[in-house]
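Below you'll find the structure, written out as structure tokens, and then a few comments.
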Number of protein chains: 2
Amino acid sequence: MHILIDNKSGTPIYDQIYSQIKAQIISGQLQENEMLPSIRGLAKDLRISFITTKRAYDELEKEGFLYTIPAKGCYVAPKNVELLREETLKKIEDHIDQILKLAASCNLSKDDIVSMILFAMEGQE
Amino acid sequence: MHILIDNKSGTPIYDQIYSQIKAQIISGQLQENEMLPSIRGLAKDLRISFITTKRAYDELEKEGFLYTIPAKGCYVAPKNVELLREETLKKIEDHIDQILKLAASCNLSKDDIVSMILFAMEGQE
DNA sequence: ATAACTGTATATAATAATGATATACAGTTA
DNA sequence: TAACTGTATATCATTATTATATACAGTTAT
């Protein structure tokens with residue numbers, strides 16, 4: 001496991017750990033059911049509190065990227081295509097929300113939006 | 001002008017003022033170039049500090065919903081429909097591009113996206 | 001001119017949210 | 001039982017948010 005903490009980056013430590021591990025899981029660099037470094041071990045490496053590594057792991061677990069066996073360790077969760085799909089859908093929904101807000105602010109109708117999207121789709125393919 | 005402050009709603013006072021005035025401007029209930037209540041007068045009515053009403057007005061001005069003549073008052077901005085619309089459309093298009101990229105990454109069809117949007121629209125209204 | 005009104009600018013205070021932590025605990029394993 | 005796992009609770013510092021007071025400067029009508 002290779003984690004790099006940039007202290008002068010604005011993003012919090014737990015977030016950097018979270019993102020890097022997540023990326024390694026998604027990319028397959030970390031294999032299914034592979035044991036992750038212990039929260040304490042990793043914390044020691046990074047010279048931070050293990051509470052911070054725990055926070056990163058908690059987040060990853062909440063999103064289904066790892067599972068924990070108490071007193072044993074944390075493991076990479078079997079890859080769940082559905083999970084990735086869910087995440088993507090969530091992002092899309094966020095964009096849609098933004099669009100709807102924008103549309104409301106200048107009184108665009110439903111149809112206007114739908115046709116904008118259809119138009120964009122044709123342009124792409 | 002009719003503003004209603006709900007103290008036990010979670011949303012901050014300045015935000016409630018901002019939203020309600022904005023809605024009245026967009027709906028046409030407040031007419032172009034109409035003078036808005038002075039920040040002090042409104043504050044007195046609502047029994048809050050005028051700094052709070054000022055904050056709401058500042059936000060509205062930043063977004064182009066009103067203009068201010070110092071020492072005179074605040075007025076409903078002429079609806080610059082064209083400009084606002086162009087800017088908003090550009091933002092919406094950016095979001096659509098993002099959505100299409102995300103959709104492609106998990107093999108979502110056109111129809112899937114359109115129906116997501118329609119669903120979101122229903123949820124909002 | 002001056003009283004009564006406009007908006008402005010700067011500084012302050014209370015509260016809430018965020019980020020990171022220590023310490024004490026409980027289960028697992030060699 | 002020593003050395004390791006993760007857990008739970010409480011704490012602390014920092015930052016962001018919300019609302020405010022006070023002193024200022026321009027406009028307007030008396």
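Sequence lines set the chain letters: A, B, ... in the order given, protein chains first and strands last, and positions in each chain run from 1. For clarity, every value in this text was computed on a predicted model and none was experimentally measured.
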Look for any protein N or O under 3.5 Å of an N or O in nucleotides 17-22 of chain D and output each such pair with its distance, or none.
residue: D:dT18; atom: OP2; partner: B:Tyr14; partner atom: OH; Å: 2.7
residue: D:dA19; atom: OP1; partner: B:Ile13; partner atom: N; Å: 3.0
residue: D:dA19; atom: OP2; partner: B:Ile13; partner atom: N; Å: 3.2
residue: D:dA19; atom: OP2; partner: B:Tyr14; partner atom: N; Å: 3.4
residue: D:dT20; atom: OP2; partner: B:Ser49; partner atom: N; Å: 3.0
residue: D:dT20; atom: OP2; partner: B:Thr52; partner atom: OG1; Å: 2.7

N/O-N/O pairs, protein side and nucleotides 2-4 of chain C side, under 3.5 Å:
none

Can you give me the N/O atom pairs linking the protein to nucleotides 28-30 of chain D at distances under 3.5 Å, or say none if there are none?
residue: D:dT28; atom: OP1; partner: B:Lys72; partner atom: NZ; Å: 2.7

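Note on residues 32-47 of chain A: pairs passing side chain to side chain donor-acceptor pair (under 3.5 Å), not counting sequence neighbours, are A:Asn33-A:Tyr67.
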Exercise answer: donor-acceptor pairs, residues 68-75 of chain B side-chain atoms, under 3.5 Å, sequence neighbours excluded:
residue: B:Thr68; atom: OG1; partner: B:Glu61; partner atom: OE1; Å: 3.1
residue: B:Thr68; atom: OG1; partner: B:Glu61; partner atom: OE2; Å: 3.2

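Listed by chain and residue number, A:Ser109 satisfy the side chain to side chain donor-acceptor pair (under 3.5 Å) test with A:Asp112 (two or more places apart in sequence, or in another chain). With sequence neighbours excluded, the residues that form a side-chain contact (heavy atoms from CB on, under 4.5 Å) with B:Lys22 are B:Tyr18, B:Ile26, B:Leu60, B:Glu63, B:Phe65. A search for salt bridge (charged side-chain N to carboxylate O under 4.0 Å, His left out) contacts involving B:Lys62 returns B:Glu59, not counting sequence neighbours. Take B:Ser49 and apply the side-chain contact (heavy atoms from CB on, under 4.5 Å) test, not counting sequence neighbours, and it matches B:Ile51, B:Thr52. For A:Glu93, there are no salt bridge (charged side-chain N to carboxylate O under 4.0 Å, His left out) partners, not counting sequence neighbours.
When each of A:Leu42, A:Ile17, A:Ile5 is paired with A:Ile48, the side chain to side chain contact (heavy atoms under 4.5 Å, CB included) condition holds for A:Ile17 and for no other.
Listed by residue number, B:Thr68, B:Pro70 are the residues of residues 57-70 of chain B with a heavy-atom contact under 4.0 Å to DNA chain C.
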- Reading DNA chain C 5' to 3', what string of ( ), [ ], | and . shows its pairs, if Watson-Crick and G-U wobble pairs count only when both distances fall under 3.5 Å? ||||||||||||||||||||||||||||||
